[in-house]
Amino acid sequence: VSGPLPGEGAPPPADRPAAPATPETPAAPAAVAELTDGEWHRLHPATPLLKGGIALIVVLGIIVNNAREWVVGFFVPGGRRPDGDGEGDPFGYVVEHGYLGFVLLGVLVVVAVLVLVFWLSWRMNTFRVTEEIVEVRSGVVFRTNRRARLDRVQGINIQRPVLARVFGAAKLEVSQAGDDANVSLAYLRSAAADDLRREILRRASGVQRSAVDGVQAAAPAGAATTASATASAQPAAGQVAPGQAVPGRAAPADSRQRFVGLVEQRAQDFLSDGLDPQEAPPESVVKVDVGRLVGSVLLSGYTLFLVAAAIAVVVSVRLTGEFFLLFALLPAVLGSSGYYVNRVTKSLRYSISSSRDGIRIGYGLFSTTNETLPPGRIHSVRVSQPLLWRPFGWWQISINRASRSSTDGSGQQGNSTLLPVGDETDVRRVLELVLPELVGVAAAEVQAEEQAEEASVPSAETGVGTETAGAEPAVAEPAHAEPGVAGPALAEPAHAEPAVAEPAHAGPALAEPARAVVHERASHTLSLVEDGLTSRGSEGGFTTSPRRAAVLRWFSWRRNGFRTAPGALLLRKGAIWRELVVVPLPRMQSVGLSQGPLLRRLRLAAVHLHTVQGPIIATIGALDQDDAMAFFEGAARDAVTSARADRTHRWGASSTPDAPREEPRP
Amino acid sequence: MDRLDVAEPAWTGISPKYVWPELVGWLVTGLIAAAATTPLWFIGAWWCYAITAAVVAVMVVVMAFVPRRVRSIRYQLREDDLLVRRGILYLRFVAVPYGRMQLIDINRGPVVRALGLSDLKFVTAAASSGVTIPGLPEAEADSLRDRLVELAESRRAGL
C-alpha cells in the first residue's frame with residue numbers, strides 16, 4: 001500500500017494556541033498544503049474499516065454469539081454441552097458433522113474477498129482540491145466523479161462518528177446547494193480535516209492571495225516555536241518542519257514515546273469539544289445547558305400527543321373495561337422513549353460560535369458533528385416558541401439553507417436547527433452571530449450603493465429616501481420617528497467616503513466606517529427582532545392584521561404582522577405558538593401575493609416570501625389587502641436592490657485578513 | 001369593489017388561443033371523473049346518477065370560466081423583475097427579480113403545439129416561486145426566453 005496519505009505527520013491541533021503565529025489566518029500546515037496542491041490524493045487508510053468494517057464486526061459478533069455455548073463448554077468442563085442435534089445451533093451442527101474445516105475456509109475466503117474489495121475501493125477513492133474546485137472520484141465497477149465549485153460552497157461539515165474518533169479520523173463534507181449535493185471526503189485524519197476545512201473556506205472566501213502570502217511568510221518562525229513547545233509530547237516533530245519523516249530517529253524508546261503522545265492526543269481529541277479557541281473567541285460561544293435540553297425535549301409537542309393518547313387509553317379502558325388498547329400502545333411508548341433519548345443525545349454539547357468564515361455549529365457527545373456556515377448561506381431564520389416552553393421563556397432558532405441532506409442527522413435536526421433551545425439571552429447572542437452576515441453587510445452595501453447614486457445624482461436624495469421607506473405602508477410610519485430607526489442612510493451622509501462608494505472597489509471592500517455601519521444596521525435589526533418576539537399590536541413598528549381578520553386569526557390577529565428592517569423582512573406570527581421569521585432580502589428568491597374568495601370578501605390578502613426549501617415557510621396571511629400590496633411591491637423592489645449589492649458568495653474578497661469582520665462585535 | 005392590482009398595471013396578456021388546451025384538459029379530467037362514478041350506476045339508486053350529474057355540472061361550470069381565467073393570466077417585464085398574475089377567484093401575483101433565474105423551461109404539450117403555442121416556466125432556487133407563463137405564441141416565447149436570459153445575465157445574483 002503506497003501513495004501519499006492525507007494528513008501524514010500533521011502537527012497536533014491542540015497545541016497550537018501557544019504559537020505566536022497570527023491568529024486570523026493561520027498559514028496552511030504542510031500537510032494541508034500538500035493536500036490542496038491540486039493533485040489527486042487518497043483518503044485515510046482506515047477508511048474501509050470505518051465505512052464497511054462495522055458490518056464485518058456485526059457478522060463476526062453473530063458468529064461468536066452462535067459459538068458462545070460451545071466455546072464456554074470448551075473452556076469450562078462440566079458446563080452445559082451443546083445437544084449435538086444441531087437444532088437452532090448452527091455452530092454445534094457444524095462441529096458435530098465435521099464441517100469445521102470447510103466453514104473456516106469459507107469464512108477465510110469471504111474475509112479475504114471483502115478485504116480485497118475494501119482495499120480496491122480505497123485505492124480508487126481519490127480527491128483533489130484546487131484553487132477553484134474540489135473533486136472526488138470513487139467506485140470500482142461504477143465510477144463516480146463529483147466536482148464542486150468552491151465559490152458555491154454552502155457549508156463545510158466535519159463529522160466524527162465514535163469509531164472514527166477512535167482512529168483519529170473524520171469525515172469532511174462540502175455542502176452544495178441541492179438535494180444530497182455534498183462532496184464527501186470520508187475519511188481524513190482528524191487534524192487534517194480541520195486544517196483542510198480552513199483552507200477550503202479561505203479559498204472559497206476569495207481572500208486575496210497576496211494578503212495571505214504575507215502571513216505565510218511570517219509563519220515558519222511560528223511553526224518552529226510550535227514545534228519546540230510541543231517537543232515533549234511529540235518528539236518526532238522536533239525542530240524539523242512538520243510533515244517530513246525522520247528516518248534516523250526510529251529508536252524504540254522514541255516510538256514508545258510517540259505512541260504515548262498519540263494516545264494522549266486521541267484522549268485530548270475525545271475530551272475537546274471540537275472548538276478551536278483560536279477560531280472561536282470564547283465570548284462568542286453559545287452553549288446549550290443539558291438540563292434545559294432535556295426539559296425542552298420533554299416539553300415538546302410530541303409529549304402533548306403522548307399525554308392525549310394516554311388520556312384516550314384511560315378513558316377507553318374505563319368505558320369498555322377492555323385492556324387491549326393498553327397493550328396495543330405499549331410498543332409506541334417504548335419507541336417514543338427512544339425518540340427522546342435520540343433527540344437529547346443529538347443535541348448534547350451543542351455550541352454555536354462565530355469564526356472567521358461564518359458561524360460554527362458543533363454538537364454530539366460520542367459522534368460529533370461540527371459545521372461551518374459561511375456568510376450569506378442562511379436563507380431565512382425563525383425564532384419560535386412552542387406552547388409548553390412559554391412558562392420557561394425558551395426559544396428555538398431554525399434556519400433554511402440551500403443544501404439538503406437526506407442522511408444527515410435525524411430528519412430536520414442538525415441540518416436546520418441553529419439553536420435547539422435557549423432563553424432570550426441565548427437567542428440574542430445567536431442572532432448577534434447570525435445577523436451581521438445575514439443583513440448587516442447587505443444593508444450597508446445597499447446603503448453604499450444608494451450613496452453612490454446619490455453622489456452622482458444629487459437631486460435623487462428624496463428618491464432614495466422613499467426607496468428605503470417605501471417598503472413600509474403608511475401604518476408603520478410612526479416607527480420612523482424613533483431615534484435611530486431613521487437609519488444611517490438618511491442621517492449620516494458623511495459615510496459617502498470614496499472607499500465605499502467607489503464602484504471599482506465593488507462593495508465587499510468595507511472600510512472601517514462601513515463596518516461600523518454593518519454593525520449598527522445589524523444591531524438595529526436585532527433590536528427589532530427582539531421586540532418582535534413577544535410584542536403585539538403596532539409595538540415595534542409592525543403592521544398587523546385589521547380587526548376584521550379576527551375571523552381567520554382568532555387569537556393572533558393583533559400579533560400577526562410584518563415589518564421591514566435594514567436588509568431583512570420580519571414576519572411576526574402566532575399568539576399561542578409564537579414565531580418570528582426573518583428573511584434576509586439578498587436571499588429572497590421571489591415574492592408572491594395571493595387572495596382567495598374568502599380573503600377577497602374580507603378585503604384581506606396573504607404575502608409569501610419565497611426562499612429555498614426548508615422547514616420555514618415565510619408566509620403571512622390575513623393582512624389588509626392594501627397593506628399586503630404595499631408590502632409586496634416594497635419587498636419586490638428591495639429584493640432587487642439587495643441582491644444587486646450582495647457579494648457574500650465571495651465573502652472574504654479584498655477584505656484584509658488582519659481585520660476580520662466579527663472582531664468589533666458589540 | 002376594485003380588484004387588487006399593482007400600482008402600474010402595464011400588463012401583457014397571453015394568447016387567447018390558450019383557451020383550447022385548457023378546455024381540452026378540463027374535458028379529459030371531467031370525463032375521467034365522470035367515468036369513475038359510473039360503476040355506482042349498478043347500485044341503481046337515484047343518487048348514484050345524481051353524483052355523476054353533479055360531477056358533469058361542476059365541470060361545465062369550471063369550463064365556462066376558462067376564457068375568463070385565461071384572460072386573467074398576464075405578465076409584465078419591469079425594470080428589474082418579472083411580474084406575473086393569474087386567477088380570478090384565486091388571485092395570485094408573483095414578482096421575481098431577473099437575477100434569481102436558475103433556468104427557463106419551455107414546454108409544448110400536444111394541444112399547445114398544435115395551436116403553435118408554448119408554455120414558459122421561470123425556475124428559481126425556491127420551489128414555491130412557481131412562475132409560469134402558459135400559452136405564449138411560439139416565437140414570442142422564444143424571444144421572451146432570450147430576453148429573460150439576457151436580463152438575468154446583466155443582473156446576475158447569487159443564490
Side-chain angles (χ1 to χ4, degrees), chain A residues 151-152 154 176-178 376-377 379-380 400-403 470 585-601 603-614 617-619 625-626 628-630 632-633 635-650, chain B residues 1-10 61-62 65 68-69 72 74-104 121-133 148 151-159:
Chain A
D151 64 336
R152 293 278 166 157
Q154 295 291 322
Q176 298 281 322
R377 267 64 176 176
H379 287 248
S380 57
N400 266 8
R401 39 189 299 201
S403 62
L585 279 167
R587 299 276 82 76
M588 196 170 69
Q589 300 295 319
S590 56
V591 208
L593 180 145
S594 67
Q595 190 181 44
L598 184 62
L599 290 178
R600 164 89 56 81
R601 270 200 77 81
R603 283 178 291 117
L604 300 174
V607 174
H608 312 265
L609 308 177
H610 303 139
T611 66
V612 296
Q613 197 186 337
I617 297 164
T619 292
Q625 64 178 19
D626 296 329
M629 189 42 100
F632 169 76
E633 296 217 53
R637 200 167 41 230
D638 290 354
V640 171
T641 325
S642 314
R644 197 165 48 212
D646 182 47
R647 300 286 189 292
T648 44
H649 72 287
R650 284 287 194 197
Chain B
M1 185 176 59
D2 273 350
R3 179 150 297 139
L4 202 53
D5 207 345
V6 291
E8 297 134 30
V61 170
V62 166
F65 277 99
R68 273 195 68 190
R69 218 175 34 245
S72 77
R74 292 165 185 197
Y75 68 93
Q76 57 171 301
L77 298 174
R78 296 200 292 193
E79 196 191 334
D80 291 309
D81 58 358
L82 170 70
L83 193 61
V84 178
R85 68 166 277 185
R86 65 187 305 166
I88 38 174
L89 203 56
Y90 292 89
L91 186 62
R92 185 170 189 265
F93 290 90
V94 179
V96 45
Y98 298 126
R100 293 301 182 192
M101 185 196 87
Q102 298 293 326
L103 56 99
I104 288 185
K121 189 173 180 193
F122 188 107
V123 181
T124 69
S128 47
S129 289
V131 184
T132 46
I133 309 174
L148 287 173
L151 285 166
E153 279 292 319
S154 64
R155 291 168 174 76
R156 191 202 296 274
L159 203 55

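Note that this is a predicted model, so its numbers are computed, not measured. Just the heavy atoms: all of them, side chains too, but no hydrogens, waters or symmetry mates, feed the values below.
In this structure, the side chains of B:M101 and B:L82 stay at 4.5 Å or more apart for every pair of heavy atoms. Using a 4.5 Å cut-off on side-chain heavy atoms (C-beta onward), B:L77 and B:L148 make contact. Looking at heavy atoms from C-beta onward, A:M629 lies in side-chain contact with B:L4 at the 4.5 angstrom threshold.
Ranked by non-hydrogen atom pairs under 4.5 Å with chain A, the options B:V6, B:D81, B:I88, B:D5 are led by B:V6. Listed options B:V96, B:T124, B:L89 were ranked by heavy-atom pairs under 4.5 angstrom with chain A; first place goes to B:L89. Ranked by non-hydrogen atom pairs under 4.5 Å with chain A, the options B:S129, B:A127, B:P97, B:A7 are led by B:S129. Highest contact tally toward chain B, considering only A:L593, A:V640, A:D151, is held by A:L593 [criterion: heavy-atom pairs under 4.5 Å]. Contacts with chain B were tallied for A:G592, A:P597, A:A636, A:A639; A:P597 has the most, counting heavy-atom pairs under 4.5 Å. The most heavy-atom pairs under 4.5 Å with chain B, out of A:H608, A:Q613, A:M588, come from A:M588.
There is no contact between B:R85 and chain A, counting heavy-atom distances below 4.5 Å. In this structure, the portion of B:L83 lying under 4.5 Å from any heavy atom of chain A is its side chain and not its backbone. For A:Q595, the parts lying under 4.5 angstrom from a heavy atom of chain B are both the backbone and the side chain. Contacts of A:A605 with chain B are made by side-chain atoms alone, with heavy-atom separations under 4.5 Å and no backbone atom involved.
Under the 3.5 Å distance criterion, the side-chain polar atoms of A:R587 are matched with a main-chain donor or acceptor of A:G376.
With no hydrogens or angles considered, no side-chain donor-acceptor pair links A:R377 and A:S403 at under 3.5 Å.
Under the rule for a side-chain contact (heavy atoms from CB on, under 4.5 Å), the partners of A:A177 that lie at least two apart in sequence or sit in another chain are A:Q154, A:A402, B:L159.
Within 6.0 Å of the CD1 atom in A:I617, the count of heavy atoms belonging to other residues, nucleotides or ligands does not exceed 12.
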